Every structure is written in structure tokens, then in C-alpha cells.
There are 2 protein chains.
Amino acid sequence: MTNDSGSETPGQPLSVDELSDRLRSRGLRVTGPRLVVYNTLAKQGGHRSADEVAAAITAAGPSLPRTSVYNALKALVDAGLADVVDAGPGTTLYEVRGESHHHFICRQCNALLDVPTEESVNGSLYSELPGARVESAQVILRGLCPDCAARPTARA
Amino acid sequence: MTNDSGSETPGQPLSVDELSDRLRSRGLRVTGPRLVVYNTLAKQGGHRSADEVAAAITAAGPSLPRTSVYNALKALVDAGLADVVDAGPGTTLYEVRGESHHHFICRQCNALLDVPTEESVNGSLYSELPGARVESAQVILRGLCPDCAARPTARA
DNA sequence: TCCAAATTTTGAATCTGTACAAATAATACC
DNA sequence: GGTATTATTTGTACAGATTCAAAATTTGGA
């Protein structure tokens, strides 16, 4: 699976102070694992699985139990500091919260690309469910990525 | 997990003949498991996991091996008779192919609701990735469902 | 500094989905 | 209809991802 975890979203990561404030403001404590996981995810950029984050942390020295990585990621998502990437069923991928964007998944090479959000589109997505409080919208585009589309081997 | 598999998509299911034709036209054979799985999924309506389908089949009498349900579901998806629901990472959910629609996931009760597609929105999603061949677009809305939004216990 | 509650840690259990190989059933063709 | 050819079905085994329970630590506030 070419998980192309490369395609990054700019939006500079938060400082430790900002990070701490965000956590506390949601009633969450500021802990080592949470800071390490956030910073690692931010440094890696793109879309990462819990295991990728754990591996990166281990590679950097300390090593954090897998369960702790899961816990920390959940806390970060709760605090709105990271997002679960909607890329279909399967392994859960996370990304540091930054500019709003959508995702494109290539059906041939499985590349996962970020797609900038057109405000106009994004706005119109919020008014379709009466009574509901829609807080976010993610769009999953599927098809052939530029590379695969250009390649003659592309299956129709 | 209140998986609200209830919200159904109209679009009446196909008859055995239509079903058979669709399968054969894709080079797939018409088999018992495929018909049972399709009919069960259609009768249940909404979004179902492989295990839910298996359980429903067992409850109805015959019982089909887990693996067979997975195989059948994959065949149905290949034949375009069913779709994998884009509802974020986790257990794969399937639904009988019907009217195009998107999904709303409640962050509090995990209800999964269908959202009618506005053609205008759907159309504008296809032109954002130069070079790519976009074949489909799914929108996942997240927030609080009407019920949870109305309830005072809703977390901000 | 001290305490109560929130988190982290460990290790194991679960839950999903997939891989394989043998047995079976669906088509194509005679 | 009868039969050869192959796609499918089955059953079992496995691998990976995520969750759980209980004990050990930490955090934030009194």
C-alpha cells in the first residue's frame, strides 16, 4: 500500500504553550505522551497511522507503548488538535489539524492526496441536515491520481 | 456503538433476474451466497457490517460461513450492486446501491445518517485536482445529530 | 507538600479482515 | 441431459489494529 504519507498540510504546528492551553481548555491534562505524539505527528506531516507515529517516536529515542500512542491520539482528537482522516475503512490515519482540506484516494496505487477546499463548496455542505449541528465536512474523492491517469496501464 | 443501521436508502432492491444479469454481465457467477447476502442486505437496509449480515442470515435459518459473507460482499461491490460506505476508519460497512447520497456521523451517539446529495455540490467537487481522473466523491459530515443536538447534555 | 483523579503502562484479549487448500457447484459445450 | 472446466464456497489458520483491565505514575489544585 503506497500510503503516500507525504502530502502535507502546511499550517504550522502549535507551540508547547498553545498546545497546553488547548488541552487544558478541554479539561485534558498536559502529559508527556500527548506532547511527544503531537510533535511527532506534526514533524512527520501528512497522514499517519498510530504505528507509524509509535515507530517514529521509538526511532527518536524514548519509545512509547503502543497503547499510550492510541490514548494520546484520541486525546488530541478530542482536543481538536488532530483529526482522523476519512479515507475509508481500514487502518485509522491521523493528521495534525491545519488548513481545511479534503482527500483523494487513487484506486490503483492507493496514493492519498490532499485536496484544497474550495470555500464555496465547503460552505454549501453545511446546510443539508435540518436539526443537526454539522461541525465538519470531509470529502473523499476517488479515481486515478495524476500519475496513474497518465500511465497507459491504467485500467478503465 | 449505536450504529444506527436504520437510515435506509429507498431505491427498491433488484429482482433475482436483474441481480443475475448484473452479476453475469461482469463475468461473475450467480451463486446462492451472493443472492442471500444481497437480499439480506437489502432487507436490512441501511449500513451493515459483514458480521451483521452474517448474523441476520443465521437468524433466518441457513447460516453462511463468515468467509463466504466477505466473499459475497466483495463480489457484490465488484458488480456494482453494493457499496462500501465511507464512514471513516473502522469496521467496513456496506449498503445496497441506491440513490447517491452522503453520510453524517454523530460524534456523540455515532448515529450514521444518510444525507441526500445536492447535485450542484456533487458536480463542483470534480474539478479540483488537475491531472487526476476523479470518478466518485463521498462527503462525510460530522457533528451532532438532530437528537443529540436537541438534548441538553450535548457537549459543546 | 499532599491528595484525589486523570493518565500511563503492561500484557492479554478481541475484533476484523485475509490467505490458503480442498471440496463443491455453476457454466459452456457437446 | 451429460460432462469438463473453473469460479466459488468452505473451514481453518493467521496477521494486524484497537481495546480492556488492573496496577503504577503523574498532574493540577488545596
Side-chain angles (χ1 to χ4, degrees), chain A residues 1 3 5 16-17 19-38 40 47-58 62-79 81-82 84-94 110, chain B residues 1 3 5 16-17 19-38 40-41 47-55 57-58 62-79 81-82 84-94 110:
Chain A
M1 184 189 291
N3 216 350
S5 336
V16 176
D17 283 348
L19 202 58
S20 301
D21 287 346
R22 286 293 279 282
L23 285 169
R24 291 211 187 83
S25 74
R26 303 259 175 167
L28 296 171
R29 291 182 175 177
V30 179
T31 71
R34 289 172 183 172
L35 296 179
V36 174
V37 167
Y38 179 87
T40 302
H47 327 92
R48 306 291 175 172
S49 67
D51 271 346
E52 285 180 304
V53 174
I57 292 174
T58 298
S63 172
L64 204 57
R66 260 176 326 151
T67 304
S68 296
V69 175
Y70 279 103
N71 288 338
L73 285 170
K74 175 178 290 188
L76 293 174
V77 171
D78 282 349
L81 297 167
V84 166
V85 177
D86 275 318
T91 305
T92 303
L93 298 178
Y94 302 83
N110 281 309
Chain B
M1 185 187 292
N3 217 349
S5 336
V16 176
D17 282 349
L19 202 59
S20 300
D21 287 347
R22 286 291 279 281
L23 285 169
R24 292 214 183 81
S25 73
R26 305 258 175 164
L28 296 171
R29 291 181 176 176
V30 179
T31 71
R34 289 171 183 172
L35 297 179
V36 174
V37 168
Y38 178 87
T40 301
L41 186 59
H47 328 90
R48 306 291 175 170
S49 68
D51 272 347
E52 285 181 306
V53 174
I57 292 175
T58 297
S63 172
L64 206 57
R66 223 163 47 97
T67 305
S68 296
V69 175
Y70 278 101
N71 288 339
L73 284 170
K74 176 180 290 188
L76 292 175
V77 171
D78 282 348
L81 297 167
V84 167
V85 178
D86 272 317
T91 305
T92 304
L93 298 178
Y94 301 84
N110 282 309

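Owing to the predicted nature of the structure, the values given are computational and were not obtained by experimental measurement. We name chains A, B, ... by the order of the sequence lines, and we start the count at 1 in each one. Below, all heavy atoms of this structure are taken into account, side chains as well, without hydrogens, waters or symmetry copies.
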Inset, instruction - Assign a letter to each nucleotide of nucleotides 16-21 of chain C from its 5' end: B, base within under 4.0 Å of a protein heavy atom; S, sugar-phosphate only; -, no contact. - result: BBBB--
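Protein chain A contacts DNA chain D from dA17(D) to dG28(D), reading 5' to 3' and using non-hydrogen atoms of the protein with a distance under 4.0 Å.
Each of R34(B) and P65(B) lies near DNA chain D, and the nucleotide nearest R34(B) is the one positioned closer to the 5' end.
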Between the protein and nucleotides 26-30 of chain C, are there any N/O to N/O pairs under 3.5 Å, and if so, what are the atom names and distances?
residue, atom, partner, partner atom, Å
dA26(C), N3, R29(B), NH1, 3.3
dT27(C), OP1, V30(B), N, 2.7

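Not counting sequence neighbours, the partners of A54(B) by the side-chain contact (heavy atoms from CB on, under 4.5 Å) test are V69(B). Scanning for side-chain contact (heavy atoms from CB on, under 4.5 Å) contacts around A79(B) gives L23(B), R26(B), L28(B), L81(B), with sequence neighbours left out. Annotation: side-chain contact (heavy atoms from CB on, under 4.5 Å) contacts of V85(B) (sequence neighbours excluded): H47(B), A87(B), L93(B), E95(B), H103(B), L112(B).
Within the 4.5 Å cutoff, the side chain of V77(A) has heavy atoms near those of the V84(A) side chain. Residues N71(B) and P33(B) form no side-chain contact, since every pair of their non-hydrogen atoms from C-beta on lies 4.5 Å or further apart.
A distance of 5.0 Å separates CG of D51(B) from OH of Y70(B), quoted to the nearest 0.5 Å. Interatomic distance, OG1 of T40(B) versus CD of E52(B), reported as 12.5 Å (0.5 Å rounding). Note that the NZ atom of K74(B) and the OG1 atom of T92(B) stand 10.5 Å from one another [nearest 0.5 Å].
A distance-only check finds no donor-acceptor pair linking the side chain of R34(A) to the backbone of L19(A) [under 3.5 Å].
When rounded to the nearest whole Å, the span between CG of L35(A) and P of dT7(C) equals 13 Å.
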Inset, instruction - Go through the steps for Y94(A) and V53(A) under the test side chain to side chain contact (heavy atoms under 4.5 Å, CB included), then give the verdict. - result: CA-CA 9 Å; Y94(A) 302 83; V53(A) 174; over 6 Å; no
